[in-house]
2 protein chains.
Amino acid sequence: MALRHAVLAALLDGESSGYELAKTFDAGMANFWHALPQQLYLELTKLEKDGLIQGRAVIQETRPTKRLFSVTNAGLAELERFAESSAKPAFIRDDLLIKVRAVDSASAKAVIEQLEERALIAAAKIDIFERYMERQRGDADEQAFLNSGDRIGPYLTCLRGLRYEQETADWCRQTAQILRERCAANADT
Amino acid sequence: MALRHAVLAALLDGESSGYELAKTFDAGMANFWHALPQQLYLELTKLEKDGLIQGRAVIQETRPTKRLFSVTNAGLAELERFAESSAKPAFIRDDLLIKVRAVDSASAKAVIEQLEERALIAAAKIDIFERYMERQRGDADEQAFLNSGDRIGPYLTCLRGLRYEQETADWCRQTAQILRERCAANADT
DNA sequence: TCACAATACTCAAGAATATGAGTAATAGCG
DNA sequence: CGCTATTACTCATATTCTTGAGTATTGTGA
């Protein structure tokens with residue numbers, strides 16, 4: 001039931017069409033939710049039907065007409081209710097971790113490659129998050145921004161995403177290194 | 001398609017019944033997969049039908065008969081294939097992060113409480129992981145264990161789970177602190 | 001100019017996950 | 001002696017998420 005709330009939260013940043021949302025959602029939700037365009041369109045339709053968001057059609061000259069959605073007061077109230085409801089424990093689902101958990105000498109090579117690949121992906125995300133955060137806080141330093149900025153939510157969650165990716169990158173590199181050394185030791189014998 | 005592989009990986013630690021697996025799965029998978037007992041029983045049934053695990057009935061005197069499952073050679077081969085297949089990018093799904101992202105003065109109080117609660121949960125997990133890791137490496141220090149231990153997969157993923165929970169706890173406490181300060185500043189004006 | 005990418009969506013079907021309700025026996029506690 | 005917890009599972013349904021296939025128009029590079 002929480003994609004619903006993730007979409008509402010995303011629309012707090014300003015009205016958006018389904019298409020725009022689909023492009024920015026994964027990045028904007030900084031690592032703690034993910035959805036395909038089809039799900040987003042569907043969810044937007046439902047949210048509008050329930051009166052939590054409202055859409056307005058924008059007729060464009062050169063592009064198809066789009067519908068921009070924004071959160072209604074009922075939507076804000078729903079987010080309030082959501083905030084007060086008890087949160088389900090979070091969970092990650094990560095194929096790569098399963099591969100590492102099951103790793104043995106036969107699969108080590110493939111796993112090492114994927115760890116390195118993942119470290120690169122994480123590094124790219126770190127860049128994106130850092131740029132976003134710089135832009136958000138502008139001239140102020142972080143502490144000042146967090147004390148006085150309004151709508152600091154996206155910044156706070158981006159901070160979490162940033163650290164998560166830093167940990168991911170570090171762990172992937174270290175784990176790949178350990179597995180490489182074990183492969184080498186194995187080959188010697 | 002990966003609960004399947006998570007269960008296979010879990011059974012590498014030794015044969016287990018559905019019931020035992022259900023109790024240890026969430027903890028053992030150290031934060032990167034989660035499943036309810038019903039799903040696990042179902043998956044075990046499918047895995048057995050596909051010949052990737054085999055079960056043997058153990059008749060107990062005072063308890064109902066249980067079935068212990070272990071990974072077959074076909075199961076090991078399937079894990080190999082899985083390791084070589086390209087991994088889907090991981091994703092987290094976390095209600096609490098959505099709440100933080102949408103946080104405003106109205107919802108701050110509820111969100112602070114949940115952040116503090118989450119920090120405690122994370123601390124409890126950290127304890128569990130640390131104890132598991134100590135037990136695993138025994139007398140050896142970590143480096144030595146990782147160099148020479150066999151089946152280091154569970155240790156490596158536990159390490160990741162540990163750091164993840166440490167980050168979670170830190171971030172939750174810091175974020176709660178920031179929100180508290182803003183509440184106080186708000187009340188002053 | 002011609003294919004290909006981008007904008008802006010929709011619909012249907014399928015796989016994976018979650019929820020709720022049972023069954024049935026024994027163990028331990030007061 | 002009755003109550004609840006534990007062991008050990010099963011079945012059915014509901015929700016959620018993913019996948020694949022479309023539609024229709026416009027902008028852009030070779």
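To find a chain, count down the sequence lines: A is the first, B the second, and so on, and within it residues start at 1.
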Subject >> Residues Phe25(A), Leu3(A); criterion side chain to side chain contact (heavy atoms under 4.5 Å, CB included); working and verdict >> reply: CA-CA 11 Å; Phe25(A) 188 79; Leu3(A) 171 58; 4.0 Å; yes
**OP:** Tell me, with the steps shown, if Asn31(A) and Phe129(A) meet side chain to side chain contact (heavy atoms under 4.5 Å, CB included).
**Re:** CA-CA 10 Å; Asn31(A) 283 17; Phe129(A) 293 159; 3.8 Å; yes
Original post:
Can you list the steps and then say if Leu179(B) with Leu115(B) is a side chain to side chain contact (heavy atoms under 4.5 Å, CB included)?
Top reply: CA-CA 10 Å; Leu179(B) 292 177; Leu115(B) 284 166; 3.9 Å; yes
**OP:** Report the C-alpha distance between Leu11(B) and Leu44(B) in whole Å, list the side-chain angles of each, state the deciding distance to 0.1 Å, and finish with yes or no for side chain to side chain contact (heavy atoms under 4.5 Å, CB included).
**Re:** CA-CA 10 Å; Leu11(B) 288 177; Leu44(B) 286 170; 4.1 Å; yes
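Residues that satisfy the ring pair (Phe, Tyr, Trp, His ring centres under 6.0 Å) test with Tyr19(B), not counting sequence neighbours, are absent from this structure. In this structure, the ring pair (Phe, Tyr, Trp, His ring centres under 6.0 Å) partners of Phe82(B), at least two apart in sequence or on a different chain, are His5(B). Scored by the ring pair (Phe, Tyr, Trp, His ring centres under 6.0 Å) test, Phe32(A) finds no partners at all (sequence neighbours excluded).
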**OP:** Any chance you could list the contact pattern along nucleotides 17-22 of chain C? Use B for base contacts, S for sugar-phosphate-only contacts and - for none, protein heavy atoms under 4.0 Å, 5' to 3'.
**Re:** SSBBB-
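Across all their heavy atoms, Ala144(A) and Ala140(A) have their closest contact at CB-CB, 4.2 Å.
Annotation: proximity of residues 57-64 of chain B to DNA chain D (heavy atom, distance under 4.0 Å) is found for Gln60(B), Arg63(B), Pro64(B), numbered in ascending order. For residues 13-25 of chain B, proximity to DNA chain D is found at Ser17(B), Gly18(B), Tyr19(B), Lys23(B), defined as any non-hydrogen atom under 4.0 angstrom from a strand atom.
On the nucleic acid side, DNA chain D has its first and last nucleotide under 4.0 Å of a heavy atom of chain A at dT16(D) to dG27(D), going 5' to 3'.
Counting side-chain heavy-atom gaps under 4.5 Å among Ile, Leu, Val, Met, Phe, Trp and Tyr, Phe91(B) is found in no cluster with other residues. Other members of the hydrophobic cluster containing Val58(B), listed by chain and number, are Leu68(B); membership follows side-chain contacts under 4.5 Å among ILVMFWY residues, whether direct or relayed.
Among residue pairs with one or both ends in residues 60-79 of chain B, those qualifying as salt bridge (charged side-chain N to carboxylate O under 4.0 Å, His left out) are Glu20(B)-Lys66(B), Glu48(B)-Arg67(B), Glu78(B)-Arg81(B); sequence neighbours excluded. Within the structure, salt bridge (charged side-chain N to carboxylate O under 4.0 Å, His left out) contacts touching residues 171-180 of chain B (residues at least two apart or in different chains) are Glu116(B)-Arg180(B), Asp170(B)-Arg173(B).
A cation-pi geometry, defined here as NZ or CZ lying under 6.0 Å from the six-membered ring centre and within 45° of its normal, holds between Arg160(B) and Tyr164(A).
Contact check for Thr175(B) versus Val103(B): no side-chain heavy atoms found under the 4.5 Å cut-off.
When the local axes at the two ends of the helix from dT1(C)-dA30(D) to dG30(C)-dC1(D) are compared, using 5 base pairs at each end, they differ in direction by 40° after rounding to 10°.
With respect to the salt-bridge test (charged N to carboxylate O, under 4.0 angstrom), the residues Arg118(B) and Asp94(B) qualify.
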